[in-house]
Every structure is written in structure tokens, then in C-alpha cells.
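These notes concern the structure reproduced below.
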Amino acid sequence: MTDSETPTAEVRTALVFPGQGAQKAGMGRAWRDTASWPLAAEISEHTGVDVGELLLTADDDTLRRTDLAQLAVFAYQVIVHREAAAAGPAGEVAACAGHSLGEYTALYAAGALPLADVARLVAARGRAMRRSAERTPGTMAAVVRLDAGTVGELTGRVRAEGPEVWVANINAPGNLVVSGTAEGVDRLAALAADSGGKVIRLAVGGAFHSPLMAAAADELRTALAAVEFAPAHTPVVANVDATPHRGGERWRDRELAQLTSPVRWEDSVRTLAGELGCTRFVELGPGRQLTGMIRRIAADAVTVPVESPAALAAPTAPQAP
């Protein structure tokens, strides 16, 4: 891994995993010749989907489909996590966290569930979210130049008028995402402009992390009931409450709530850096989606995006800006 500080025993590392939206065509090619690549075939067996094809040859249009995108990102992260574990990430892994879908990889990395169970849950989640979006169409949009309090107030005003829109992701200062109907997002855009903000529509398959995903939660409940979470595991900071959890069956409730509740990523990073004392954040996923957010929340933390096997080969090399 690349890093801007020399590893020491005192370094406490947080492993973080991005969610849907991080995928890109051909993202698995850099990892095809690694010892962990056979995990793609294993995940394919558990889910009935050719994960290797998604990672190597699927085009961007294919990877925009919610269920396929989620499986592809999850499989990529599992492969990279196994490689990182073999390389021996510097310092103690104090906690894990993932953004939306990434929370499932975090649970796997923390030892909360075995790979087979998590893979089946990710497949079920993707299918449920896709079907829910088809039944109840919606969209998402980024909101810039406004704080969370203002955006929350504006979404409340829109709902009071009738259209539906909610805060969906609180990612970092000045980085928020809303979910709702097209009408709701359009109305919010007008109010945001009046307040000095701007709304940027996102190319997504539904109004994720909002009450419009209620049908997906109902469908996912059955899949969650079929798995057993470990009674104790490495702490995972949950999206729904930004609190570290160390085991227990309440993860079922948290994952159901996650589908219809905001992702509290900014607060989660503050929990990792503050309460859990993490000084080093290792992002295991395609791109640097979370790294940029973390730098805006915990300015003193070392951020280490792992985008290729080469990033695991030089743990003390300075990180490129």
C-alpha cells in the first residue's frame, strides 16, 4: 500500500468500501492475475451470475443496472480485500465501514458473515432494489453549496407541498445527495437555486435510501432472515446511526433501515477518526470515491486508496496527491 507515513504499531487502520457508482468497465483487469482472482468464480457460484464477465468485459451500460453493478463492486472489493490482507496492511485494523452497498463488504471483512452469505445478500439486495425502482420510479441528485441543515429544511418544504424528496446521503461538508420523485427533485432544484445552491441530477436507477425503497426492504427481509451474524466481530460503523457495532443479530434491522434511511457517511468518518481513533483510512474499491470525502472530514488522517496490486507493493512510498 502507498502511504505518506511510515507504518508503526500505533497506527489504527479503518478499512472503507465504496458503494454503487464506483464501478467502471474493465475494473477487474488489474486483479485478474492475482492469487485472489478465483474468488470471482466462487461468488458466481453463490449468486448464479458470471461475476468474472462483469469485472472484465461488461460495458458501462450493463454496469449501470442496479443488481449487476452491486454484485460487480462487491466482488471487486472482496478480491482486493483478500489481496490486502495477504500483503499485511500496516497497523491494527481497528474498524471497517462501507458506503451503502459497501457496508456489506465491511461486514464480510469484519468477520460478521461468511462470503457465501454476504454474496447471496448482495445479489438479493440488488434484485430487490431494481424491482422496487421499477414499481416506484424515482431519481437522485447531488446538492452543492448548501449545508445539511438547509437541505433538510428545503426537502421538508417540498414534501409539505406534495412532491416527495428526502436527504439520502450526507457524505461530507458540502456533499449531499437527495432521493425522490422526479417532480420532487425538480421542485427542490428551484428552491435550492433560490438559496444559493445547485442540484445536479445523477444517472441512477431509483430513489435509493428513501421511503420509496420500502418495497425493497420488504423483499430483502426474507434473505436477511436466512443468515446468522457472528456474535462478535471487528467493529463496523453503520450507515444508519454512525455508531460502531461489534456483533449481534441487530444487523438485520440496520440493513433493512439502510434501504430507506440516509447514509450518514460524514458522521461515520468522524466516529472512525474520533471514538475509534483511526488515523489511517484504506479504501478498498475501484477509484477514490471515499478518499476525497474523508480528506474533507478528517483532514489529519492518512488516506490510502488501493486501486491496483502495485499499491500493495510499496507500503512506505509517498502517496501521490
Item to check | Minimum-distance pair of heavy atoms, taken over all atoms of Pro137 and Leu212 | outcome: O-CD1, 4.4 Å
Checklist entry - Taking His46 for the side chain and Arg120 for the main chain, is one N or O donor matched with an acceptor at less than 3.5 Å? => result no
Pairs of donor and acceptor atoms involving the side chains of residues 186-194, under 3.5 Å and at least two apart or interchain, shall be tabulated with distances.
| from | atom 1 | to | atom 2 | distance (Å) |
| --- | --- | --- | --- | --- |
| Asp186 | OD1 | Arg201 | NH2 | 2.5 |
| Arg187 | NE | Glu161 | OE1 | 2.8 |
| Arg187 | NH2 | Glu161 | OE2 | 3.2 |

Item to check | Distance-minimising heavy-atom pair for Ala109 and Cys96 | outcome: CB-SG, 4.2 Å
Checklist entry - Any idea which heavy atoms bring Gly184 and Pro163 closest together, and the distance? => result CA-CB, 3.6 Å
Checklist entry - Is Asp61 atom CG crowded by more than 12 heavy atoms from other residues, nucleotides or ligands, each under 6.0 Å away? => result yes
Checklist entry - Taking the side chain from Thr136 and the backbone from Ala133, do they hold a donor-acceptor pair closer than 3.5 Å? => result no
Checklist entry - Between Met140 and Val178, is any pair of side-chain heavy atoms under 4.5 Å apart? => result no
Checklist entry - Measuring from Leu63:CG to Met27:CE, what's the distance to the nearest 0.5 Å? => result 6.0 Å
Item to check | 4.5 Å side-chain heavy-atom contact, Ile297 and Arg270 | outcome: yes
Checklist entry - Under 6.0 Å from the CD atom of Glu228, do we count more than 12 heavy atoms belonging to anything else shown? => result no
Checklist entry - Under 4.5 Å between any side-chain heavy atoms of Val16 and Leu284, yes or no? => result no
Item to check | CG on Leu56 to CZ on Arg32, rounded to 0.5 Å | outcome: 5.0 Å
Item to check | Gln289 side, atom CD; Trp265 side, atom CH2 - distance, nearest 0.5 Å | outcome: 10.0 Å
Checklist entry - Between atom CZ of Arg159 and atom OG1 of Thr181, what is the distance when rounded to the nearest 0.5 Å? => result 11.0 Å
Checklist entry - Out of curiosity, does Leu71 fall in the hydrophobic cluster containing Phe17 (side-chain heavy atoms, cut-off under 4.5 Å, transitive links)? => result yes
Item to check | Residue that, paired with Asp241, satisfies side chain to side chain contact (heavy atoms under 4.5 Å, CB included) out of Val237, Thr243, Asn239 | outcome: Thr243
Next on the checklist: Count I, L, V, M, F, W, Y as connected when their side-chain heavy atoms are under 4.5 Å apart, and connections chain through other members. Are Val199 and Val158 then in the same cluster?
Outcome noted: yes
Item to check | Same cluster (ILVMFWY, side-chain, under 4.5 Å), Val167 and Leu259 | outcome: no
Item to check | Heavy-atom donor-acceptor pair, Ser44 side chain to Val51 backbone, under 3.5 Å | outcome: yes
Item to check | Validation row: Leu146, Leu154 side chains within 4.5 angstrom (heavy atoms) | outcome: yes
Next on the checklist: With side chain to side chain contact (heavy atoms under 4.5 Å, CB included) as the criterion, how do Val302 and Phe281 come out once you've worked through the C-alpha distance, each side chain's angles and the decisive distance to 0.1 Å?
Outcome noted: CA-CA 6 Å; Val302 173; Phe281 289 75; over 6 Å; no
Item to check | Worked check of side chain to side chain contact (heavy atoms under 4.5 Å, CB included) between Asp67 and Met129 | outcome: CA-CA 8 Å; Asp67 53 337; Met129 291 173 70; over 6 Å; no
Next on the checklist: Checking Leu54 against Val49 for the side chain to side chain contact (heavy atoms under 4.5 Å, CB included) test, could you report, in this order, the C-alpha distance in whole Å, the side-chain angles of both residues, the deciding distance, and whether it holds?
Outcome noted: CA-CA 9 Å; Leu54 291 179; Val49 177; 3.9 Å; yes
Next on the checklist: His245: which residues meet the ring-ring contact (aromatic ring centres under 6.0 Å, His included) condition with it, sequence neighbours left out?
Outcome noted: Trp251
Checklist entry - Should we say atom CD of Glu183 is surrounded by more than 12 heavy atoms from elsewhere, each under 6.0 Å from it? => result no
Item to check | Side chains of Asp267 and Ile170 in contact at under 4.5 Å (non-hydrogen atoms) | outcome: no
Item to check | Salt bridge present between Arg288 and Glu283 (N-O < 4.0 angstrom) | outcome: no
Checklist entry - Is a donor on one side and an acceptor on the other found under 3.5 Å between the side chain of Ser100 and the backbone of Gly19? => result no
Item to check | Spatial distance of atom CD1 (Ile43) from atom CG (Leu115) [nearest 0.5 Å] | outcome: 5.0 Å
Checklist entry - Do Arg12 and Thr279 pass the side chain to side chain donor-acceptor pair (under 3.5 Å) test, and can you show the C-alpha distance, the side-chain angles, and the key distance before you say yes or no? => result CA-CA 6 Å; Arg12 289 173 62 82; Thr279 56; over 6 Å; no
Next on the checklist: Is there a path of hydrophobic side-chain contacts, each under 4.5 Å between heavy atoms, that joins Val304 and Leu276?
Outcome noted: no
Next on the checklist: Could you report the tightest heavy-atom contact between Arg125 and Gln258, atom names first, then the distance?
Outcome noted: NH2-OE1, 2.8 Å
Checklist entry - Name the one of Arg135, Gln70, Arg65 that satisfies side chain to side chain contact (heavy atoms under 4.5 Å, CB included) with Arg130? => result Arg65
Item to check | Shortest non-hydrogen contact from Thr271 toward Pro244 | outcome: CG2-CD, 3.6 Å
Item to check | Side-chain (Ser261) to main-chain (Ala257) donor-acceptor, under 3.5 angstrom | outcome: yes
Next on the checklist: Among His81, Glu83, Arg82, which residue satisfies the side chain to side chain donor-acceptor pair (under 3.5 Å) criterion with Ser36?
Outcome noted: Glu83
Next on the checklist: Could you check whether any side-chain heavy atom of Val80 comes within less than 4.5 Å of a side-chain heavy atom of Trp31, counting everything from C-beta outward?
Outcome noted: yes
Item to check | Side chains of Tyr104 and Val118 in contact at under 4.5 Å (non-hydrogen atoms) | outcome: yes
Next on the checklist: Just verifying a value: how many Å separate Leu121 CG and Leu101 CG, rounded to the nearest 0.5 Å?
Outcome noted: 11.5 Å
Checklist outcome for this item: Sorted by chain and residue number, the side-chain hydrogen bond (donor to acceptor under 3.5 Å, both in side chains) partners of His99 (sequence neighbours excluded) come out as Asn171
Next on the checklist: Quick one, Val263 with Phe208, criterion side chain to side chain contact (heavy atoms under 4.5 Å, CB included). Give me CA distance, side-chain angles, the key distance, then yes/no.
Outcome noted: CA-CA 10 Å; Val263 173; Phe208 305 142; over 6 Å; no
Checklist entry - Asp60 side chain to Ala25 main-chain N or O, any donor-acceptor pair under 3.5 Å? => result yes
Checklist entry - Are Tyr76 and Leu55 close enough that some pair of their side-chain heavy atoms sits under 4.5 Å apart? => result yes
Checklist entry - Taking all atoms of both residues into account, what is the closest heavy-atom pair of Val227 and Glu249, and its distance? => result O-OE1, 4.3 Å
Next on the checklist: Please determine whether residues Leu15 and Leu107 belong to a single hydrophobic cluster, defined as Ile, Leu, Val, Met, Phe, Trp and Tyr linked transitively by side-chain heavy-atom distances below 4.5 Å.
Outcome noted: yes
